[in-house]
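The structure under discussion appears below in the form of structure tokens.
To find a chain, count down the sequence lines: A is the first, B the second, and so on, and within it residues start at 1.
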Number of protein chains: 2
Amino acid sequence: MLKISELAAKTGLTAHTLRFYEKNGLISASNRSPAGYRYYTESDVRRAEFVKTARNIGFSLDDISQLLSIRVDKTSHSCQEVTDITRHKLDEVNEKIKELQSMQQTLNILLDSCCGGPELATQCSIMEALDEGEVRNQRNKHKKLEKQK
Amino acid sequence: MLKISELAAKTGLTAHTLRFYEKNGLISASNRSPAGYRYYTESDVRRAEFVKTARNIGFSLDDISQLLSIRVDKTSHSCQEVTDITRHKLDEVNEKIKELQSMQQTLNILLDSCCGGPELATQCSIMEALDEGEVRNQRNKHKKLEKQK
DNA sequence: GTTGACCTTAGAGTAGACTCTAAGCTTATA
DNA sequence: TATAAGCTTAGAGTCTACTCTAAGGTCAAC
């Protein structure tokens, strides 16, 4: 059985984060010492590592909660439920990538247009573009898409 | 001279957002009525539109503050200062894209590995992968990179 | 003169994932 | 027995960019 700092060392999460996860229903210690110290079993460790792996992939704590509830009773859940969560996450990721690529393109165009030198900004083509609003962008479009979800 | 709701209509920002921007030093009304109503000049409108364009590209409010201080006195600033801000933003965007592409790849691999059907999750390969921590990921790497900035 | 639309302010709330603090107990070691 | 390290809790703070609320003042029209 591990104390919280030992689990922290083992998982790379901090003790603070582990308590935070407990408060949010993700990981709790199966046992407590008489004084209230958390003691984690091997099974708790595996759960904590599951959470860490899922978090590293990019799942939200909310996604992880769902995955955990499947994990504790796999016979009551189907593969489809798991792939639904995964696919939904992938959709989000794809959407964000699109947004960022749009920004990337705009920023590259701006950078290409400007000398970037010690010249005064009076005729800086980036400033001009911003002033004239002549920057094609898709942020709002993406925002709308996000809200449609 | 425009009242706040008129500027809101013209820019697509809300009156709430305009007041929020004022509180944060981005846009303020050059004039006030005796009763305290904000009245925006043509020059204020152009500034507001500049802010909106920059925000749509993806610049943070902090970036925009910097761009605005260049804008009001272009003869004291160089193109390089403008490109520095832009390039820094581009670096951030590129970094985030990399992170997201890493997630995207992982999610695609997970989805490919699972049948996604009505089968019980007892042998779901996504759950197995999460349990075994066998998911290559780069989030921490990216996190470290972020902190180095 | 009254209705209704619009304006003002300070300040609280939201989301997500932590991160930290304060005040006080527990435990191991010298 | 004293010290230091480590544990507990509740709750506040951080970051970004809003978003909303409450309580009240203003203005044009009928």
Side-chain angles (χ1 to χ4, degrees), chain A residues 1-29 31-40 48 51-52 54-66 68 89 92-93 96 99-100 103 139-140 142-144 146-147 149, chain B residues 1-29 31-40 48 51-52 54-66 68 89 92-93 96 99 103 139-140 142-143 146-147 149:
Chain A
M1 302 249 273
L2 302 179
K3 279 194 282 189
I4 195 164
S5 62
E6 293 164 337
L7 180 58
K10 193 154 188 169
T11 57
L13 301 168
T14 69
H16 276 305
T17 299
L18 287 167
R19 290 194 202 95
F20 170 77
Y21 284 174
E22 180 171 310
K23 204 164 59 186
N24 285 270
L26 298 184
I27 304 165
S28 57
N31 300 295
R32 292 276 188 142
S33 78
Y37 282 30
R38 288 170 180 81
Y39 282 108
Y40 295 92
V51 169
K52 208 209 167 186
R55 192 202 66 167
N56 283 346
I57 291 170
F59 284 110
S60 68
L61 299 192
D62 198 74
D63 294 332
I64 297 174
S65 289
Q66 289 178 253
L68 284 169
K89 185 73 211 170
E92 276 176 24
V93 167
K96 277 193 203 144
E99 252 177 87
L100 287 167
M103 290 181 204
R139 190 188 171 200
N140 288 337
H142 292 312
K143 272 212 145 172
K144 271 181 205 153
E146 263 178 45
K147 286 194 177 168
K149 273 173 212 165
Chain B
M1 304 248 275
L2 302 178
K3 280 194 282 189
I4 196 164
S5 63
E6 292 164 336
L7 181 58
K10 194 153 187 171
T11 57
L13 302 167
T14 69
H16 276 305
T17 299
L18 286 167
R19 290 194 202 95
F20 170 77
Y21 283 174
E22 179 171 309
K23 205 164 59 184
N24 286 271
L26 298 183
I27 304 165
S28 57
N31 300 295
R32 292 278 187 139
S33 78
Y37 282 30
R38 288 170 179 81
Y39 280 109
Y40 296 93
V51 169
K52 207 208 169 187
R55 192 202 66 168
N56 283 347
I57 291 170
F59 284 109
S60 67
L61 299 193
D62 198 72
D63 294 331
I64 297 174
S65 289
Q66 290 179 252
L68 284 170
K89 185 75 210 169
E92 275 177 25
V93 167
K96 277 192 203 144
E99 253 178 84
M103 291 182 203
R139 190 188 171 201
N140 287 338
H142 292 314
K143 273 211 145 174
E146 265 179 42
K147 287 193 177 170
K149 275 175 210 162

Exercise. Out of D/dA17, D/dC27, C/dC18, which has the shortest distance to the side chain of A/F20?
Worked result: C/dC18
For this session: Could you state the atom-to-atom distance from CG of B/L13 to P of D/dC18 in whole Å?
Result: 8 Å
For this session: Name the nucleic acid region contacted by B/R38, choosing base, sugar-phosphate or nothing; use a 4.0 angstrom heavy-atom cut-off, strictly under.
Result: sugar-phosphate
For this session: Let me know, please, whether B/A15 or A/A35 comes out on the 5' side of the other along DNA chain C by nearest nucleotide.
Result: B/A15
Exercise. Counting side-chain heavy atoms from CB outward, which of C/dC7, C/dC20, C/dA17 is closest to B/K3?
Worked result: C/dC7
Exercise. When we call it a touch if two heavy atoms are under 4.0 Å apart, what does A/Y39 touch: a base, just sugar-phosphate, or nothing?
Worked result: nothing
Seminar exercise, completed: Against the side chain of B/I4, the closest entry in C/dT21, C/dC7, D/dT8 is C/dC7
For this session: Please determine, for the side chain of B/T17, which listed nucleotide (D/dC18, C/dC7, C/dA17) has the closest atom?
Result: D/dC18
Problem set entry | Considering all heavy atoms, the nearest A/S28-A/Y40 contact | C-CE2, 4.0 Å
Exercise. How long is the span from the CD1 atom in B/I64 to the CD1 atom in B/I27, to the nearest 0.5 Å?
Worked result: 9.0 Å
Seminar exercise, completed: note: A/H16, atom NE2; D/dT8, atom P; distance rounded to Å ~ 11 Å
Seminar exercise, completed: With the side chain defined as heavy atoms from C-beta on, B/R32 is closest, among D/dA17, C/dT27, C/dT9, to C/dT9
Exercise. Start at the 5' end of DNA chain C and walk down; is the nucleotide closest to A/P34 or to B/E6 reached first?
Worked result: B/E6
Exercise. Among D/dC7, C/dA17, C/dT26, which nucleotide sits nearest the side chain of A/R19?
Worked result: D/dC7
Seminar exercise, completed: B/I64 CD1 to D/dC18 P, in whole Å, measures 8 Å
Seminar exercise, completed: d(A/I4 CD1, A/T14 OG1) to nearest 0.5 Å is 8.0 Å
For this session: Please state how far atom CG in B/D63 lies from atom C1' in D/dA17, giving the value in whole angstrom units.
Result: 13 Å
Exercise. Out of C/dT21, D/dC7, D/dC18, which has the shortest distance to the side chain of A/S5?
Worked result: D/dC7
Problem set entry | Side-chain H-bond candidate by donor/acceptor type, A/S65 with A/D62, under 3.5 Å | no
For this session: Report the distance from atom CG of A/L61 to atom C1' of C/dT19, rounded to the nearest whole Å.
Result: 14 Å
For this session: Determine, stepwise, if the pair B/K3 / B/R38 fulfils side chain to side chain contact (heavy atoms under 4.5 Å, CB included).
Result: CA-CA 6 Å; B/K3 280 194 282 189; B/R38 288 170 179 81; over 6 Å; no
Seminar exercise, completed: From CG of A/L7 across to P of D/dT8 the rounded distance in Å is 11 Å
For this session: Could you go through the salt bridge (Lys or Arg N to Asp or Glu O under 4.0 Å) check for A/E92 and A/K89 one step at a time?
Result: CA-CA 5 Å; A/E92 276 176 24; A/K89 185 73 211 170; 3.2 Å; yes
Problem set entry | Integer-rounded Å distance: D/dG6 P and A/Y40 OH | 16 Å
Exercise. Taking CG from B/L18 and C1' from D/dC20, how many angstroms apart are they, rounded to a whole number?
Worked result: 16 Å
Problem set entry | Nearest listed nucleotide, side chain of A/Y37, among D/dA17, C/dA17, C/dT26 | C/dT26
For this session: Using a heavy-atom cut-off of under 4.0 Å over every strand shown, decide if A/T14 touches base, sugar-phosphate, or nothing.
Result: nothing
